[in-house]
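Report on one structure; see the data block that follows.
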Amino acid sequence: MPKTLVIVESPAKAKTIGKYLGKGYVVESSIGHIRDLPRSASEIPERYKGEAWARLGINVEEDFRPLYIVAPEKRSQVAKLKSLVKDADLVVLATDDDREGESIAWHLLQELKPKVPVKRMVFHEITKEAIASAIQHPRNIDENLVEAQEARRALDRLYGYEVSPVLWKKVAPKLSAGRVQSVATRMLVERERERMRFVSGSWWDIEGRFQVAEGEGFPATLIELDGKKLAQGKDFDPASGQLKKSADVWQLSEQQARELAESLAGQPFRVLSAEEKPFTQRPYAPFITSTLQQEGGRKLGMNASRTMRAAQKLYEGGYITYMRTDSTTLSKEAMDAARSQVRAMYGEQYLHPTPRTYEKKSKNAQEAHEAIRPAGSSFRTPESLRGEISGDEWRVYDLIWKRTVASQMADARGRRLQVRLGGRAQDGRDTVFAASGKAIDFPGFLRAYVEGSDDPEAALEDREVLLPALKSGDGVTARDLKPLGHATQPPARFTEASLVQALEGAGIGRPSTYASILGTIQDRGYAVKRGQALVPTWTAFATSALLEHHFGRLVDYDFTARMEEDLDDIAGGRQKRAPYLRGFYLGEQEGLGLKNLVETRLEAIDPREIATIEVPKLAGSGIEVRVGRYGPYLTRGEARANLPEELTPDELTAEKAEELLGRPSGERPLGNDPETGLPVIARAGRFGPYVQLGEGNTPVKTSSLLPGDDLNTLSLERALELLTLPRFVGTLEGEEVWAHNGRYGPYLKRGSDSRSLNNHEELFSVTHEQAEQLFAQPRVFGRRGAASGPLKRFEFSDRTTIDLKSGRFGPYLTDGTVNATLRKDEGGENLTPDEARSILEERGKEPKSKAGKTARGGKASAAKGGKAAKTTTKKTGTAETAKPARKPAAGAAKIKKGKKAPAKVTPSWDALRRHVGVLSETERRLVIAVRDEGHKVDEIAPVLGLEVNKAKGMLLQIGRKLNQAARAGA
DNA sequence: CAGTGAGCGAGCTTCCGCTTGACTT
């Protein structure tokens with residue numbers, strides 16, 4: 001009997017289809033994509049590791065050829081598929097009918113290499129008829145569609161893996177940029193910027209209760225005074241909180257409103273007009289992924305990933321159709337099921353006369369699946385599932401069931417009522433009050449589903465605002481005329497649901513990724529949740545500003561939309577993948593694309609400037625917000641203060657900033673020193689937590705906390721103990737010995753000589769005798785004296801000895817010339833000589849510092865710079881720009897190509913001086929004075945108005961900055 | 001964002017879209 005292997009994407013789908021197809025068919029799943037570009041260095045096959053493009057996984061030099069690998073976690077499934085292919089007579093690739101699905105089919109073909117005939121089939125619904133029909137109408141793989149997918153994949157990789165490193169260098173390590181996440185982040189940032197610019201405006205009006213004869217009262221609001229309208233929120237300018245110039249309206253103060261209310265008390269009112277307008281309301285389309293997530297949030301209070309988790313379970317249990325879809329289409333079986341259920345449960349009059357269909361919702365919908373709906377040809381009611389499923393799953397099913405059924409129900413019908421009441425105040429002023437009502441005559445679909453509410457019956461009542469029957473000229477009595485204050489509100493922050501909605505509206509992201517986008521921007525520290533709201537962090541502000549200013553095109557809201565147009569061209573055969581990517585990455589003519597942009601921006605972007613965030617409300621105060629290594633902080637001149645985590649960007653006002661600067665943050669008073677009476681304060685500083693004796697920023701003494709101490713629980717006693725450091729231990733050979741806590745841990749110091757201590761507590765306990773013994777021994781550098789010698793030694797007859805050593809970054813191998821750090825899985829203990837040899841020979845590298853020393857001796861970098869500068873004839877301009885910063889880098893790049901992987905070079909001062917542009921004015925003057933003019937720091941610092949110690953610290957920072965700038969340029 | 005003492009093997013981080021368990025807390 002012939003056997004056909006059908007491969008789909010999802011195991012749950014395989015199970016269902018297997019049932020429909022029966023004998024002669026084996027249905028198995030690929031579990032999504034089986035191959036992809038390598039994620040990181042560890043996934044790059046050895047033979048490609050040396051290639052310049054391997055980091056990207058795309059050979060940008062040869063037609064952007066992608067390097068595909070089977071991800072480790074997919075290997076077993078691929079092996080399983082391979083063995084099934086061997087037993088089959090026919091292979092049918094039945095992955096989804098969209099760009100990604102086509103690509104999966106193609107990858108399956110490439111990787112499984114079946115020796116039997118292969119067909120491609122597609123279907124959009126999992127029903128017996130649809131499957132049977134699909135299998136009768138196979139087609140071929142659409143190569144153009146596969147190309148479009150590859151183009152999409154490559155573009156995302158190039159974008160993500162080229163732009164993220166710019167952020168690492170200019171903002172903070174481990175940040176990320178991408179076509180989707182960077183736009184999502186920008187949306188949050190721009191909304192928050194609006195909130196930060198926003199100034200609230202306020203106004204007053206009057207709300208009264210009115211009554212006809214003995215009937216029920218109803219509320220109405222003052223809208224007009226002496227023929228002129230009263231202000232509403234829309235009349236205010238959000239930037240100033242004042243009325244817009246164009247608004248010809250009253251803005252009542254509290255006092256005015258109160259006086260008017262008193263003057264109106266007891267006055268007769270009359271109905272000026274009473275209008276009634278009928279309305280109808282149509283049900284919402286059946287769920288797609290984004291709307292399910294939105295309603296899961298609004299009605300059930302579940303976030304996107306929790307909603308999706310429940311939906312996944314329902315799908316696997318066969319309760320609902322596929323939950324990652326962008327199509328609102330119901331299959332015929334679903335339509336019939338929904339309609340017969342409406343008839344049975346609500347009666348014929350609640351059924352829409354004809355089957356309802358809905359327009360596709362999102363721009364780039366690919367509609368490979370049905371809408372999300374209860375599975376099967378007759379829907380099980382939520383009630384009938386009570387014993388079977390529970391919790392989130394039941395609630396999500398209930399939601400899906402209601403929405404699906406409602407989508408085939410009749411329109412709701414009702415009337416909107418508008419009433420105007422007129423009355424004259426005792427002081428002669430004329431007023432108009434307005435009341436509106438809503439009556440629902442026929443609820444239609446609202447019986448089953450009210451958007452945003454969990455309980456349609458209760459919500460229906462809320463929707464009705466009843467007014468008594470009123471007609472023009474009727475007299476009404478006013479009572480309870482209350483002045484009421486109002487204030488304009490800033491635009492609301494995004495929630496998970498509204499951000500997904502906004503992204504979908506712009507065609508950004510796919511149903512399978514909405515939930516993970518939210519995860520990504522939170523994991524990267526771009527946003528935090530406050531209740532339902534997503535609040536962008538200061539890091540998001542810095543990142544977004546960098547991208548907007550330097551990579552503006554990439555974070556345009558319609559970048560994705562334009563990409564989709566191009567991909568459509570590729571899918572349609574009108575454009576090819578390689579030229580498209582060449583245009584994006586290299587430019588129309590080389591040099592205008594992303595690659596060049598990144599290279600030039602790495603030099604141009606001043607990290608200090610990027611770290612400084614514009615806050616409109618701080619303009620003119622001299623206060624700046626910066627994002628530093630230790631989080632966001634405020635600065636004004638010398639003063640600094642941490643920004644508390646719980647303070648959202650829009651809450652930072654000039655007053656708040658003053659308050660924070662006036663009270664250095666992170667400090668905790670512990671009490672007073674009994675000896676001196678001075679306060680003892682625990683603080684968080686640049687180098688970690690420390691305690692200080694004395695007030696404010698001029699402490700008498702400071703001491704770092706030791707490992708094991710906690711800033712939050714530190715006692716006064718311990719603080720006083722820490723403040724005894726450095727401790728006098730005794731005198732040896734006429735020199736004083738002190739116990740210090742330093743950068744590299746605890747140590748003893750005698751004159752210019754020192755010895756490390758093993759343990760921080762020894763600082764307090766080490767005796768004169770122990771000190772004597774230590775100084776009698778030679779100095780041992782390294783980690784607690786443990787490993788200056790090798791842990792293990794491998795001898796070879798045909799090569800030099802290899803040592804296993806322990807270092808700062810863990811165990812490593814070295815033969816004196818090259819070194820190789822061991823990876824996690826390479827156990828140091830059980831390492832055999834052969835393994836050691838192969839690791840060192842494959843990965844061994846010359847240490848950086850050695851290369852640096854030789855380079856400095858040979859003036860290599862200076863020579864390179866000089867040579868390249870001569871070849872530069874194009875650049876003109878001021879004296880400063882005549883020393884081009886960029887061209888030497890280009891020269892270095894060329895050398896790189898010729899010489900394989902040159903070691904990094906420690907730049908000479910000549911090379912570094914080119915980058916003084918990254919420094920502040922003071923820093924520049926300081927470093928020039930010291931390095932060019934040969935002044936001593938101690939002498940020049942006072943001249944520049946700096947404390948000597950401060951200047952020394954500054955020089956360290958300057959060195960770091962210049963080196964970084966030089967590296968970025970090279 | 002305090003102020004001090006030395007001298008040492010780096011290498012990795014990251015994208016978007018398809019899909020599920022297998023892990024650990």
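Letters A, B, ... are given to chains in the order of the sequence lines, protein chains preceding strands, and every chain is numbered from 1.
Nearest nucleotide to the Asn819(A) side chain, out of dT20(B), dC16(B), dG9(B): dG9(B). Comparing atom distances between the Ile104(A) side chain and each of dC18(B), dG21(B), dC15(B) picks out dC18(B) as nearest. Checked against dG21(B), dG9(B), dT13(B), the side chain of Trp168(A) finds its nearest nucleotide in dT13(B).
A cation-pi arrangement, defined by a distance under 6.0 Å to the six-membered ring centre and an angle within 45 degrees of its axis, is absent between Arg55(A) and Tyr161(A).
The CD1 atom of Ile141(A) sits 8.0 Å away from the CG atom of Leu108(A) when rounded to the nearest 0.5 Å.
Put simply, Arg309(A) has no side-chain N or O that comes within less than 4.0 Å of OP1 or OP2 on dG21(B). For dA2(B), the OP1/OP2 oxygens have no side-chain nitrogen or oxygen of Gln692(A) closer than 4.0 Å. The shortest distance between the side-chain N/O atoms of Arg524(A) and the OP1/OP2 oxygens of dC15(B) is below 4.0 Å. Residue Ser40(A) places at least one side-chain N or O under 4.0 Å from the OP1 or OP2 atom of dT13(B). Phosphate contact (OP1/OP2 of dG17(B), side-chain N/O of Gln149(A), threshold under 4.0 Å): absent. Contact annotation: Arg510(A) side-chain N/O to dC18(B) OP1/OP2 distance is under 4.0 Å. The phosphate of dG9(B) has neither OP1 nor OP2 within less than 4.0 Å of any side-chain N or O from Thr814(A). Taking side-chain N and O atoms only, Ser164(A) has no distance below 4.0 Å to OP1 or OP2 of dT13(B). In terms of phosphate contacts, Arg153(A) brings no side-chain nitrogen or oxygen within less than 4.0 Å of OP1 or OP2 of dC18(B). Distances shown here put every side-chain N or O of Thr513(A) at or beyond 4.0 Å from the OP1 or OP2 atom of dC16(B). Residue Gln77(A) places no side-chain N or O under 4.0 Å from the OP1 or OP2 atom of dT20(B).
Residues Gln692(A) and Thr702(A) have side chains that never bring a donor and an acceptor to within less than 3.5 angstrom of each other. For the residue pair Glu28(A)/Gln77(A), the side-chain donor-acceptor check at 3.5 Å is satisfied.
The residue Asp36(A) sits close to a base: some heavy atom pair falls under 4.0 Å. At the heavy-atom level, Leu175(A) lies under 4.0 Å from the strands shown only through sugar-phosphate atoms. Nucleic acid contact for Tyr159(A): none, since no nucleic acid atom lies under 4.0 Å from a heavy atom of the residue.
In this structure, NZ of Lys74(A) is placed 12 Å from P of dG21(B), rounded to the nearest angstrom. Look at CD1 on Ile681(A): it is 15 Å from C1' on dC1(B), rounded to the nearest Å. Look at CD1 on Ile44(A): it is 14 Å from P on dG11(B), rounded to the nearest Å.
Contact annotation: side chain of Arg39(A) to base of dC15(B), donor-acceptor pair absent below 3.5 Å.
Side-chain contact between Tyr315(A) and Thr321(A): absent, with no pair of heavy atoms (C-beta onward) separated by less than 4.5 Å.
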